[in-house]
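Below you'll find the structure, written out as structure tokens, and then a few comments.
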Amino acid sequence: MSMPRLATKVGLVVGIANKRSLSWAIARAASLEGATVSVTYQNERLEENVRELSAGFANSLVEPCDVTSDEQMDRLFALIDEKYNGLDFLVHGAAFAEREDLERPFVETSRRGFSTALEVSAYSLVALARRAVPLMEKSGGGSIVTLTYLGAERVFPNYNVMGVAKAALESSVRYLASELGPKKIRVNAISAGPIKTLAAAGISGFSSILQTYRDRAPLRRTVEASEVADAALFLLGDDSRAITGEVMMVDGGFHAMGI
Ligand code: NAP
């Protein structure tokens, strides 16, 4: 019998809304691979969901974390430090844009909508990484994984300001990877194909994006949350120890196509 792939690892997963959340699929898979996985919820509205989902996790924390709150993030990492005295991995799956910015023309994006999308969806990775660093140093290194979409590089209808936020996120992955590499902390992104989640439901015309993947992706299908989770397990664990600063496509090959 081989060892579970994440045995002895302590992780934190931010960005679970419900059972469809990609972050949940990753948290669950990591726990099944032997990791101690702490999870967070954005506000009381989601607390019960997240508590129920993670009820079977052993020795884990379930805490609030709105990534726009420095106080909540400080508190969260202090609790992790107290309980585990270190951290091996961080999964970042928080993203948000105002609904109207995912419906009206991109050129109409407001100053506030632009900064909200960038703050919640991109800056939050930097803010969380900064707090994770001292804990990961105590653990002798770590792995940080975020979730992005091809809309960072190419135009998809209505993805709009979220595409700009994902471009900032992917660039942040590279800058963080460069700075944190000497501390043995790796930073990577998974660029997932479209999957019907709460966040995806906010994008008008999402179903037609799904159909385009079924029609044109080399694998002629969309991807599942469990497949994103499998890729995340690889990036979180030691099998990917030489990989950092990478945006890994988990999209049935769609990104490879011209038309
Ligand atoms: P999801 O279940 O809705 O997850 C997004 C999470 O971000 C939610 O838990 C949301 O909480 C949270 N969030 C929003 N604002 C936050 C804040 N201020 N502080 C903390 N958390 C906050 O949808 P998902 O599709 O799994 O999204 C996870 C990640 O995957 C996102 O980065 C998304 O862009 C990315 N992604 C998704 C797809 C896809 O097709 N689904 C494809 C590629 C990449 P609330 O519900 O309270 O807002």
Measure from the ring center of W24 to the ring center of F57 and say whether it is less than 6.0 Å.
yes

Given 3.5 Å as the limit, does a donor-acceptor pair link the side chain of S139 with the main chain of L87, or not?
yes

Can you name the closest pair of heavy atoms from L198 and A17 and give their distance?
CD2-CB, 3.9 Å

Using modelled atom types and a 3.5 Å cut-off, is there a donor and acceptor pairing between side-chain atoms of T109 and backbone atoms of F106?
yes

Those residues at least two apart in sequence (or on a different chain) that pass side-chain contact (heavy atoms from CB on, under 4.5 Å) with R104 are E100, D101, E108, S110

Quick check for you: to the nearest 0.5 Å, what is the distance between F89 atom CZ and K9 atom NZ?
8.5 Å

Is it the case that the side chain of R186 and the backbone of I243 share a donor-acceptor pair, with hydrogens and angles ignored and the cut-off at 3.5 Å?
yes

Do L125 and I144 come within less than 4.5 Å of each other through their side chains, counting heavy atoms only?
yes

Close side-chain approach of L219 to Y213, heavy-atom, < 4.5 Å
no

Any side-chain heavy atom of S54 within less than 4.5 Å of one from V39?
yes

Are V13 and T40 packed together at the side-chain level, in the sense that at least one heavy-atom pair is separated by less than 4.5 angstrom?
no

Is the closest side-chain heavy-atom distance between L12 and F77 below 4.5 Å?
yes

Does atom CZ (R28) have a neighbourhood of more than 12 heavy atoms from anything else shown, all under 6.0 Å?
no

Test item: Y41 and N49 side chains (from C-beta on) under 4.5 Å apart, heavy atoms
no

For the backbone of A167 and the side chain of S171, can you confirm whether one donor and one acceptor N or O come within less than 3.5 Å of each other?
no

Where is the tightest heavy-atom contact between I16 and A27, given as atom of each residue plus distance?
CD1-CB, 4.2 Å

What's the spacing between M257 CE and D251 CG if we round to 0.5 Å?
11.0 Å

Whether the side chain of T148 engages the backbone of I190 through a donor-acceptor N/O pair (distance < 3.5 Å, no angle test) should be reported.
no

Are F254 and M162 connected in a single hydrophobic cluster, I mean Ile/Leu/Val/Met/Phe/Trp/Tyr linked by side-chain heavy atoms less than 4.5 Å apart?
yes

Under 3.5 Å, side chain of E33 to main-chain N/O of R5, donor-acceptor pair present?
yes

Strictly distance-based, threshold 3.5 Å: is any side-chain N or O of T212 a donor or acceptor partner for the main-chain N or O of S208?
yes

Side-chain donor/acceptor of R241 to backbone N/O of D238, under 3.5 Å:
yes

Under 3.5 Å, is there a donor-acceptor pair linking the side chains of E103 and S204?
no

Return the orientation label for the F156 and Y149 ring planes: parallel under 30°, perpendicular over 60°, tilted otherwise.
tilted

Taking every heavy atom of G86 against every heavy atom of D81, the minimum-distance pair comes out as N-OD1, 4.3 Å

May I ask you to test the N188-V247 pair for a side-chain heavy-atom distance under 4.5 Å?
no

Is M73 reachable from V120 through a run of hydrophobic residues whose side-chain heavy atoms are each under 4.5 Å from the next?
yes

Kindly say whether D70 contributes a backbone atom to a donor-acceptor pair with the side chain of R75 at under 3.5 angstrom?
no

Looking at CG of L180 and CZ of R130, how far apart are the two atoms once the value is rounded to the nearest 0.5 Å?
11.5 Å

Heavy-atom nearest pair, S121 first then A165, reads CB-CB, 3.9 Å

When you compare the side chains of E47 and N43, does any donor N or O come within less than 3.5 Å of an acceptor on the partner?
no

Looking only at non-hydrogen atoms, find the nearest pair between H92 and S124 and report the distance.
NE2-OG, 2.7 Å

Would you mind checking if E137 and K184 are paired as a salt bridge, meaning a charged N to carboxylate O distance below 4.0 Å?
no

Short side-chain to backbone donor-acceptor contact, S143 and L235, under 3.5 Å:
yes

Interatomic spacing from OG in S60 to NZ in K83 - rounded to 0.5 Å:
7.5 Å

Path from L147 to V145 over hydrophobic side-chain contacts below 4.5 Å:
yes

Regarding R221 and E227, does a basic nitrogen lie under 4.0 Å from an acidic carboxylate oxygen?
yes

In Å, rounded to the nearest 0.5 Å, how long is the span from OG of S31 to CG of L53?
12.0 Å

Could you tell me whether the side chain of R216 reaches within less than 4.5 Å of the side chain of I259, counting heavy atoms only?
no

With sequence neighbours excluded, tell me which residues meet side-chain contact (heavy atoms from CB on, under 4.5 Å) with E119.
T68

Would V228 and L32 show up in the same hydrophobic cluster when neighbours are defined by side-chain heavy atoms closer than 4.5 Å?
no

Joint hydrophobic cluster, L61 plus M136, side-chain heavy atoms closer than 4.5 Å
yes

Crowding at NZ, K183 (>12 non-hydrogen neighbours, <6.0 Å):
no

All heavy atoms of I195 vs all of A225, minimum pair found to be CD1-N, 3.7 Å

Between the CG atom in L102 and the CZ atom in F206, the distance rounded to the nearest 0.5 Å is 12.0 Å

